[in-house]
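Below is one structure, written out as structure tokens; comments come after it.
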Amino acid sequence: MMGASSARSFTVVVAVLCLLLLLPSHCHAKLSVKLSTKFYAKSCPNVERIVRSVMAQAVAKEPRMGASVIRLFFHDCFVNGCDASILLDDTPTFTGEKNAGANANSVRGYEVIDAIKAQVEAACKATVSCADIVALASRDAVNLLGGPTWNVPLGRKDSRTASQSAANANLPGPGSSVASLTSAFAAKGLSARDMTALSGAHTVGQARCLFFRSRIYTEPNVNATFAALRQGTCPQSGGDGNLAPFDDQTPDAFDNAYYRNLVAQRGLLHSDQELFNGGPQDALVRKYSGNARMFANDFAKAMVKMGGLVPAAGTPTEVRLNCRKVN
Ligand code: HEM
């Protein structure tokens with residue numbers, strides 16, 4: 001058994017080795033920050049209540065905002081860990097993530113996070129990170145749309161920089177095969193099961209025509225009625241920005257309809273239908289399609305796991321006062 005001080009010096013040794021050997025993938029896991037559901041119990045006991053109430057208002061006003069915040073969390077965590085890097089506006093010294101391919105004109109919810117942050121700052125100055133706010137807000141979004149809830153481990157810090165190229169390199173695209181989706185998630189320490197569960201977030205929210213056009217006009221494994229329906233608002237040319245719900249039966253309900261849609265060849269994106277196309281995830285998709293509780297449990301677990309991704313060792317961090325810029 002290691003004592004506290006020898007554990008600390010072990011950590012320092014690992015940190016130094018990591019820096020010297022430049023092995024970020026190994027260091028990532030070993031040096032992960034210890035998050036705790038009680039992190040703000042004394043310093044900001046009302047934080048969860050504040051986040052929930054602002055999210056409840058936002059989702060009541062526009063249910064899609066719940067979906068948008070869930071996606072914001074995913075896009076934050078997949079790029080150098082859950083560090084609110086996605087919230088940073090571009091500056092003269094760096095080009096951030098907001099204008100990366102997967103985010104530009106697409107990711108929404110920045111104003112809701114600002115509204116939460118303003119109330120949290122008023123209650124507990126310079127205490128709660130923007131990264132923790134996004135983690136809590138996405139948990140609440142899922143629940144407010146009818147999905148599960150869970151305890152969120154807290155104590156993340158915010159990055160002091162952001163990288164557009166890292167966002168472009170790490171976020172999977174809608175044309176991806178099941179193999180490349182699996183490896184994109186594996187690169188983050190997430191299993192194929194985590195990937196299939198997390199993709200169930202596509203039971204809420206919307207996508208633009210440019211991302212599903214080739215699916216509804218050219219792919220063989222698409223339900224004909226569904227393709228015709230979607231073609232109605234997504235012409236073969238033009239209308240790139242026209243929106244369609246991922247799930248047209250219950251577009252604002254966080255349920256397991258996503259998987260029933262996949263089984264019926266009604267997946268909206270190519271990458272969605274890849275999870276049920278005679279490949280390795282078919283069996284799990286079938287299980288989730290018939291077992292809402294299993295999906296809800298796995299989704300919650302996978303969100304906690306994804307939320308445990310932290311920036312690589314040595315990345316400078318802070319608790320930002322304004323989520324859009326460094327202190
Ligand atoms: C597996 C790989 C994934 C790919 C390729 C993918 C791709 C996409 C694309 C292309 C859109 C539509 C964007 C637009 O039209 O502007 C979208 C929307 C969305 N994604 Fe994903 N996604 C993936 C995984 C995830 C995960 C893991 C989550 C959350 C846990 C998530 C949550 C969402 C949500 C909720 C929306 C709708 C957002 C809104 O309506 O504002 N996605 N995704």
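Just so it is clear, the values below take in all heavy atoms, side chains as well, and ignore hydrogens, waters and symmetry mates. Both ligands and their constituent atoms are indexed starting at 1 by order of listing.
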- Message: Please report whether ligand 1 has a polar contact with R208, defined as an N or O pair separated by less than 3.5 Å (distance criterion only).
- Response: yes
- Going by the 4.0 angstrom heavy-atom rule, the piece of L210 near ligand 1 is neither
- Message: Whether K98 engages the ring of Y110 as a cation-pi pair (distance to the six-membered ring centre under 6.0 angstrom, angle to the ring normal within 45°) should be assessed.
- Response: yes
- Could you establish whether F73 and ligand 1 come within less than 4.0 Å of each other, counting only heavy atoms on the residue side? no
- Looking at F211, which atoms of ligand 1 are within less than 4.0 Å of one of its heavy atoms? 10 (C), 13 (C), 14 (C), 15 (O), 16 (O)
- Under 4.0 Å to a heavy atom of A207 - the qualifying atoms of ligand 1, by number: 12 (C), 15 (O)
- Looking only at protein heavy atoms, identify the closest one to atom 24 (C) of ligand 1 and say how far it is in Å. F74 CE2, 3.3 Å
- Item | Atoms of ligand 1, numbered as shown, that sit under 4.0 Å from any heavy atom of S68 | 39 (C), 41 (O)
- Query: Can any side-chain N or O of R215 pair as donor or acceptor with the backbone N or O of N221 at less than 3.5 Å?
  - Reply: yes
- Note on the structure: The closest protein heavy-atom partner of atom 5 (C) of ligand 1 is G173 O, 3.2 Å
- for atom 7 (C) of ligand 1, nearest protein heavy atom and its distance come out as L269 CD1, 3.7 Å
- Task: Report, in ascending order of atom number, the atoms of ligand 1 lying under 4.0 Å from any heavy atom of S106.
- Result: 13 (C), 14 (C), 16 (O)
- Query: Is the NZ atom of K301 crowded by more than 12 outside heavy atoms at less than 6.0 Å?
  - Reply: no
- Message: Are any of the N/O atoms on N105, whether in the backbone or the side chain, positioned under 3.5 angstrom from an N/O atom of ligand 1?
- Response: no
- Item | Taking atom 20 (N) of ligand 1 as the reference point, the nearest protein heavy atom with its distance | H202 NE2, 2.9 Å
- Task: Do me a favour and list the nearest non-hydrogen protein atom to atom 34 (C) of ligand 1 with residue, atom name and distance?
- Result: R71 CB, 3.7 Å
- Task: Say whether S271, considering both its backbone and side-chain N or O atoms, lies within less than 3.5 Å of an N or O atom on ligand 1.
- Result: no
